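Presented below is the structure to which this report refers.
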Protein chains: 2
Amino acid sequence: MLLDDMILVSVDDHVVEPADLFTHHLSAAWKSRAPRVVRKKDGSDVWFFEGQQVPSIALHAVVGRPREEYGMESTNFEQLRPGTWNVHERIRDMNANGVLASLCFPSFPGCCGALWSKTRDKGVALTMLRAYNDWHIDEWSGAYPGRFIPVALPPLWDPKGMADEIRRVAKKGCHAISFSENPEKIGLPSLHAEHWDPFWSACSDEGAIVCMHVGTGAATAYTAMDSPVDVMLTLQPINSVNCAADLLWSRVLRKFPRLRIALCEGGIGWVPHFLERADYVYEHHRAWTRQSFGAKRPSDVFREQIVTCFVDDPIGIANRHAIGIDSITWECNYPHAGTTWPRSPEQLAQLLRDVPDTEVDQITHGNALRHFRLDPFAHVAVERCRVGALRAQARDVDVSVSSKGGKAPSADRTKPVTSQDVVRQLASAFATPAE
Amino acid sequence: MLLDDMILVSVDDHVVEPADLFTHHLSAAWKSRAPRVVRKKDGSDVWFFEGQQVPSIALHAVVGRPREEYGMESTNFEQLRPGTWNVHERIRDMNANGVLASLCFPSFPGCCGALWSKTRDKGVALTMLRAYNDWHIDEWSGAYPGRFIPVALPPLWDPKGMADEIRRVAKKGCHAISFSENPEKIGLPSLHAEHWDPFWSACSDEGAIVCMHVGTGAATAYTAMDSPVDVMLTLQPINSVNCAADLLWSRVLRKFPRLRIALCEGGIGWVPHFLERADYVYEHHRAWTRQSFGAKRPSDVFREQIVTCFVDDPIGIANRHAIGIDSITWECNYPHAGTTWPRSPEQLAQLLRDVPDTEVDQITHGNALRHFRLDPFAHVAVERCRVGALRAQARDVDVSVSSKGGKAPSADRTKPVTSQDVVRQLASAFATPAE
């Protein structure tokens with residue numbers, strides 16, 4: 001397929017929340033309780049909520065910087081590319097990259113809204129969470145119909161409340177819900193607990209896909225604190241492998257056979273080996289572990305219910321039929337360091353050069369639109385949705401890299417950066433008082 | 001290749017230590033301090049050393065049992081297949097399975113000898129460790145020249161002492177050393193510490209391969225204690241993936257370019273995706289993480305220095321050239337639950353049916369003999385080394401399954417076995433006093 005003819009839908013990007021997020025979505029009585037952006041004396045911006053600083057306005061939002069600055073956290077809005085927080089600039093950046101539609105995970109509340117589940121006053125938490133969802137669905141995604149896949153945050157502390165929120169946002173056209181890839185690691189019951197059944201049941205009934213973004217359960221594993229940070233970067237997909245195993249052997253998929261779950265930023269190249277191993281374990285061990293998949297194998301259930309997501313994954317594409325050609329989706333991961341922006345069409349054209357057109361269509365957008373239930377063509381004529389047409393609207397967008405400055409993760413420029421350095425760097429952002 | 005014509009060398013099996021292990025390898029003065037087997041009042045056998053029971057005589061040694069009993073720990077010698085601890089019976093079992101040669105990891109001292117590093121009196125520890133190595137090299141492996149790849153345990157608490165022991169066993173023809181896949185997780189400095197340089201240096205100088213068996217660092221990850229145990233079984237290779245990342249980005253491989261490391265029981269199907277990810281991280285992030293591989297990529301270094309090992313891995317074999325055809329080795333994993341004994345030739349013939357003969361030879365034995373430095377053909381004529389010839393010597397070996405009894409991991413037979421059940425089962429084995 002010609003590069004300009006591709007249609008690209010990304011199921012994993014991130015929004016940096018603008019400072020006026022809560023302005024239009026709360027009653028006057030609640031506005032004083034809303035999170036607000038505060039500029040600290042050191043020049044950094046933080047969200048301030050319920051008497052505390054919230055970690056990072058924009059974790060890892062380094063798009064547009066030179067690679068030398070990928071390890072520098074943006075600490076105020078001036079250091080961010082405006083497309084990270086301004087929806088009009090975001091659309092221009094999407095056009096410049098030939099991306100038709102995008103699902104944007106939150107930043108400051110955490111990918112699955114863990115912030116609200118840690119809020120002591122659950123009345124405040126639920127009010128802010130709903131205002132957030134309304135802003136995300138109506139204001140951010142609603143600004144450009146057909147260009148965003150809205151995703152909602154559920155009130156993690158209350159499975160029945162989660163079901164209510166899923167039904168509420170479904171009426172507004174939101175059919176994707178962010179959830180933790182391992183809720184036990186954030187202090188909640190595990191995936192195996194019946195506790196969550198009202199949530200799974202509501203997602204299943206409403207046809208809402210559950211998004212489990214990497215990093216929403218356990219932090220990425222450090223092999224050792226003095227390991228180079230590259231170890232952690234290399235091992236990032238392991239969180240999704242763990243999550244896939246947990247899901248596959250849990251009662252959840254078998255009890256809710258219409259439920260679909262997306263492993264966001266999980267990659268796909270590991271899937272064939274994982275599925276073979278799962279089937280081997282089933283064949284070899286089920287006599288004593290007491291598992292039953294009836295007439296199916298574990299790999300069948302995975303392929304029916306798990307949606308996989310990749311940024312750049314040659315071996316995964318080569319083995320795509322062992323993964324499941326109906327479930328592979330693409331992600332741009334704007335504005336994080338792993339993004340392929342602004343060269344995603346070139347990278348995908350190279351990656352998919354030997355793939356038949358019908359499969360290219362499935363992988364680049366068909367699967368995403370079906371699983372995440374977006375119909376962009378109801379809003380934009382299909383010929384205007386292709387890479388070439390979108391880029392033609394964005395010839396004036398400056399996609400060159402530009403230094404934004406910031407602190408390197410470690411001072412000694414002769415030594416590799418370690419996991420410890422990065423942990424210290426994130427901690428030090430909160431060493432100064434907010435006000 | 002015809003099944004009967006294959007030559008099979010397994011680089012990962014396990015020996016259950018016989019009760020008379022220390023009899024011929026200690027002076028009279030030391031014999032009273034040696035670990036000894038004690039039969040407890042509950043009928044179980046344990047090793048007793050320095051006033052304490054040692055966990056398990058034979059962790060997971062379930063070969064020959066029906067699959068319903070794979071979750072039952074053998075707690076005394078009568079419950080074990082004699083081939084697990086008797087070298088003559090082992091050779092008969094190897095013949096029955098067409099296996100020419102085998103590397104046998106320890107059981108009661110732990111795969112890399114962590115027992116001795118926890119022993120308070122390091123004089124006792126070193127003496128026992130050397131006696132163990134002498135038994136393993138001279139008595140176990142020495143009983144059938146050409147049929148075993150000896151592996152030595154190093155005194156983990158003393159890198160210079162490790163170097164001494166490596167040189168000592170090298171003179172006895174032992175060129176494989178067991179080490180932890182993540183020493184930090186067993187209370188020692190991490191792989192990144194210069195601390196270990198005398199050890200790496202001695203292995204490099206002596207041409208000794210370092211074996212990092214899965215489970216010698218962190219325990220296999222539990223996603224949650226109430227997760228089905230199948231999650232843990234499925235995720236077992238993840239320990240090796242973590243180890244591979246740790247090694248690849250460490251200074252070790254680049255500082256000691258002749259050093260070779262085997263990822264035992266690690267599997268191979270994950271390797272192509274892992275290497276692509278490592279190269280992507282290098283390309284994308286090295287500008288800020290300050291890594292350098294000179295003219296090479298991380299994947300080049302992996303293929304040159306890492307030896308991979310599989311039991312049964314179809315997608316790995318399909319992608320064997322993306323892994324490294326010169327480094328793939330096979331393992332039988334006798335007597336653990338994952339073993340393919342006594343049908344390994346049939347399983348391999350099926351797995352390798354589309355692989356050219358020269359590559360079959362590399363994978364089934366050529367790579368293993370070269371990397372682990374065994375020359376069986378100096379002892380046994382090559383025509384007598386093939387599956388058909390070995391099996392012809394073993395027609396009287398009973399390979400049928402036989403119930404040995406034992407306690408199921410959980411009492412409620414209607415529910416899947418959980419990680420918690422297995423943790424409790426192992427703990428309960430030590431609930432009764434030793435004497």
Side-chain angles (χ1 to χ4, degrees), chain A residues 66-72 182 184 190-193 221 223-224 226-231 233-235 237-238 241-243 245-246 248-250 267 269-270 272-274 276-278 280-282 284-291 312-316 319 322 337-338 408-409 413 415-417, chain B residues 66-72 182 184 190-193 221 223-231 233-235 237-238 241-243 245-246 248-250 267 269-270 272-274 276-278 280-282 284-285 287-291 312-316 319 322 337-338 408-409 413 415-417:
Chain A
R67 283 182 177 171
E68 288 70 17
E69 294 185 5
Y70 275 12
M72 294 171 184
N182 189 339
E184 198 196 46
S190 85
L191 284 174
H192 307 281
T223 52
D226 58 346
S227 61
V229 68
D230 315 76
V231 175
L233 294 168
T234 304
L235 293 176
I238 297 300
V241 183
N242 290 341
C243 174
D246 222 16
L248 195 52
W249 296 107
S250 77
W270 54 269
H273 180 248
F274 171 83
E276 284 185 356
R277 174 125 191 115
Y280 181 84
V281 165
Y282 184 56
H284 218 74
H285 292 285
R286 72 175 172 217
W288 73 272
T289 67
R290 306 180 196 134
Q291 284 280 349
D312 189 24
D313 207 319
I315 197 81
N319 292 319
R413 291 183 177 271
K415 286 190 181 156
V417 175
Chain B
R67 285 182 176 171
E68 288 71 17
E69 294 185 6
Y70 276 10
M72 294 172 183
N182 188 340
E184 198 197 46
S190 84
L191 285 173
H192 307 281
T223 52
M225 283 306 264
D226 59 346
S227 61
V229 69
D230 314 76
V231 175
L233 295 168
T234 304
L235 293 176
I238 298 300
V241 183
N242 290 341
C243 174
D246 223 16
L248 195 52
W249 297 107
S250 77
W270 53 270
H273 179 248
F274 171 83
E276 284 185 355
R277 176 129 188 110
Y280 181 84
V281 165
Y282 185 55
H284 217 75
H285 292 284
W288 73 271
T289 67
R290 306 180 196 135
Q291 284 281 350
D312 188 27
D313 207 318
I315 196 81
N319 292 319
R413 291 181 178 272
K415 285 190 182 155
V417 174

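Every chain is numbered from 1 and lettered A, B, ... according to where its sequence line falls, protein lines coming before strand lines. Keep in mind it's a predicted model, so treat the numbers as computed, not measured.
Note that the CZ atom of F274(B) and the CG atom of N242(B) stand 9.0 Å from one another [nearest 0.5 Å]. Atoms CG and CG, on D246(B) and D230(A) in that order, are 11.5 Å from each other to the nearest 0.5 Å. To the nearest 0.5 Å, the span separating CZ on R277(A) from NE2 on H284(A) amounts to 9.5 Å. Considering NE2 of H192(B) and CG of D226(A), their distance stands at 6.0 Å, rounded to 0.5 Å.
Only the side chain of I238(B) comes within less than 4.5 Å of a heavy atom of chain A; its backbone N, CA, C and O stay farther away. Heavy-atom distances place the side chain of V281(B), and not its backbone, under 4.5 Å from chain A. Only the side chain of H285(A) comes within contact range of chain B, with at least one heavy atom under 4.5 Å from a heavy atom of that chain. Using a 4.5 Å cut-off between heavy atoms, N319(A) touches chain B through its side chain atoms alone. Heavy atoms closer than 4.5 Å to chain B are found in the side chain of V229(A), but not in its backbone. In this structure, chain A has heavy atoms under 4.5 Å from both the backbone and the side chain of E68(B). Contacts between Y70(B) and chain A at a heavy-atom distance below 4.5 Å involve backbone atoms as well as side-chain atoms. The part of D312(B) that comes within reach of chain A is its side chain, from C-beta onward, which places non-hydrogen atoms under 4.5 angstrom from that chain.
The shortest side-chain heavy-atom distance between T289(B) and L233(A) falls under the 4.5 Å cut-off. Between T223(B) and E184(A), the closest side-chain pair of non-hydrogen atoms is not below 4.5 Å.
Seen from the ring of Y282(A), R286(A) counts as a face-on cation partner, given the 6.0 Å and 45° thresholds.
Looking at every heavy atom in both residues, V417(A) comes nearest to W288(B) through CG2-O, 3.3 Å.
Between the side chain of E276(A) and the backbone N or O of I315(B) there is at least one donor-acceptor pair closer than 3.5 Å.
Chain B forms more heavy-atom pairs under 4.5 Å with one residue of L191(A), L248(A), N182(A) than with any other, namely N182(A). Chain A forms more heavy-atom pairs under 4.5 Å with one residue of S190(B), P228(B), P66(B) than with any other, namely P228(B). Of the listed residues A193(B), S250(B), G267(B), P237(B), the one with more heavy-atom pairs under 4.5 angstrom with chain A than any other is P237(B). Taking chain B as the reference chain and counting heavy-atom pairs below 4.5 Å, the highest number among K415(A), R413(A), M72(A) is found for R413(A). Heavy-atom pairs under 4.5 Å with chain A were tallied for A337(B), A408(B), A278(B), P409(B); the largest tally goes to A337(B).
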